[in-house]
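Just the heavy atoms: all of them, side chains too, but no hydrogens, waters or symmetry mates, feed the values below.
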Amino acid sequence: MFGREVPEAVVAEVPEDAYLLDVREDDEWRSGHVPGAVHIPLGRLGERAGEIPQDRRVYVVCRVGGRSAQAVAALNQAGWDTVNVAGGMRAWEHAGRDMAAESGAEPTVI
């Protein structure tokens, strides 16, 4: 699909202090995201890639893993060290890891 294997980590393997890049759309982000994550929608990744650190591993997440796998493939090809979060925010939510919502309401994954 991407020419070579995309590295993945299960939710439990994502360190608490990880740099987490969320590539979902704005409405998905507002509904529920990981506190401290950086939000750059996949469609804006090319223009905003310079904001992503290249001196540490970056974990990339979307809703279920497809868009983040695309981002990981592109970023790794361009020299970043990125890993796809397997199962995305659905898996994150299912694992009971911390989430927040922009509105202060109960966070959810849409």
Side-chain angles (χ1 to χ4, degrees):
M1 180 175 181
F2 299 108
R4 57 183 168 172
E5 208 54 36
V6 172
E8 281 194 333
V10 296
V11 168
E13 296 172 341
V14 179
E16 291 290 329
D17 63 346
Y19 186 98
L20 189 67
L21 174 63
D22 190 321
V23 296
R24 296 175 301 150
E25 295 301 317
D26 293 339
D27 60 334
E28 295 173 288
W29 167 265
R30 283 191 298 272
S31 213
H33 60 270
V34 177
V38 175
H39 179 227
I40 302 176
L42 182 61
R44 299 196 58 209
L45 194 58
E47 68 192 63
R48 294 184 56 193
E51 299 172 32
I52 303 165
Q54 288 190 279
D55 61 347
R56 64 186 292 197
R57 173 162 283 169
V58 174
Y59 292 84
V60 187
V61 68
C62 66
R63 186 168 56 92
V64 294
R67 287 171 287 177
S68 52
Q70 292 176 46
V72 165
L75 288 167
N76 284 353
Q77 188 172 17
W80 275 264
D81 176 14
T82 62
V83 177
N84 189 29
V85 177
M89 286 301 298
R90 290 267 187 218
W92 192 277
E93 182 179 45
H94 182 73
R97 296 212 43 190
D98 283 346
M99 288 177 47
E102 293 294 300
S103 67
E106 186 68 27
T108 187
V109 177
I110 60 169

(message) R57 vs V83, test: side chain to side chain contact (heavy atoms under 4.5 Å, CB included). Steps then yes/no.
(response) CA-CA 7 Å; R57 173 162 283 169; V83 177; 3.5 Å; yes
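Cation-pi contact between R24 and W29: absent, since separation from the ring centre below 6.0 Å together with deviation from the ring axis within 45° is not met.
Contact check for R67 versus V60: no side-chain heavy atoms found under the 4.5 Å cut-off. E28 has its side chain out of reach of D22: every pair of non-hydrogen atoms, C-beta onward, lies at least 4.5 Å apart. In this structure, the side chains of V34 and D98 stay at 4.5 Å or more apart for every pair of heavy atoms. Contact of the V72 side chain with the P7 side chain is registered, since non-hydrogen atoms from C-beta on lie closer than 4.5 Å. Taking the side chain as every heavy atom from C-beta outward, L75 and V58 never approach each other to under 4.5 Å.
By the rule that hydrophobic residues join a cluster once side-chain heavy atoms approach within less than 4.5 Å of another member, I52 and V38 end up as members of one cluster. Note: the hydrophobic cluster containing L45 does not contain V61 (ILVMFWY, side chain heavy atoms under 4.5 Å, direct or indirect links). Note on L20 and L42: separate hydrophobic clusters, where clusters join Ile, Leu, Val, Met, Phe, Trp and Tyr whose side-chain heavy atoms are under 4.5 Å apart, directly or indirectly.
The OG1 atom of T82 sits 3.0 Å away from the CG atom of N76 when rounded to the nearest 0.5 Å. Put simply, CD on E5 and CG on N84 are 10.5 Å apart, with the number rounded to the nearest 0.5 Å.
Other residues, nucleotides and ligands contribute only 12 or fewer heavy atoms inside 6.0 Å of the CD atom of E16.
Between the R48 side chain and the I40 main chain, no donor and acceptor come within less than 3.5 Å of each other.
With P107 as the partner, the side chain to side chain contact (heavy atoms under 4.5 Å, CB included) test is satisfied by one option alone out of M99, R30, H33: M99.
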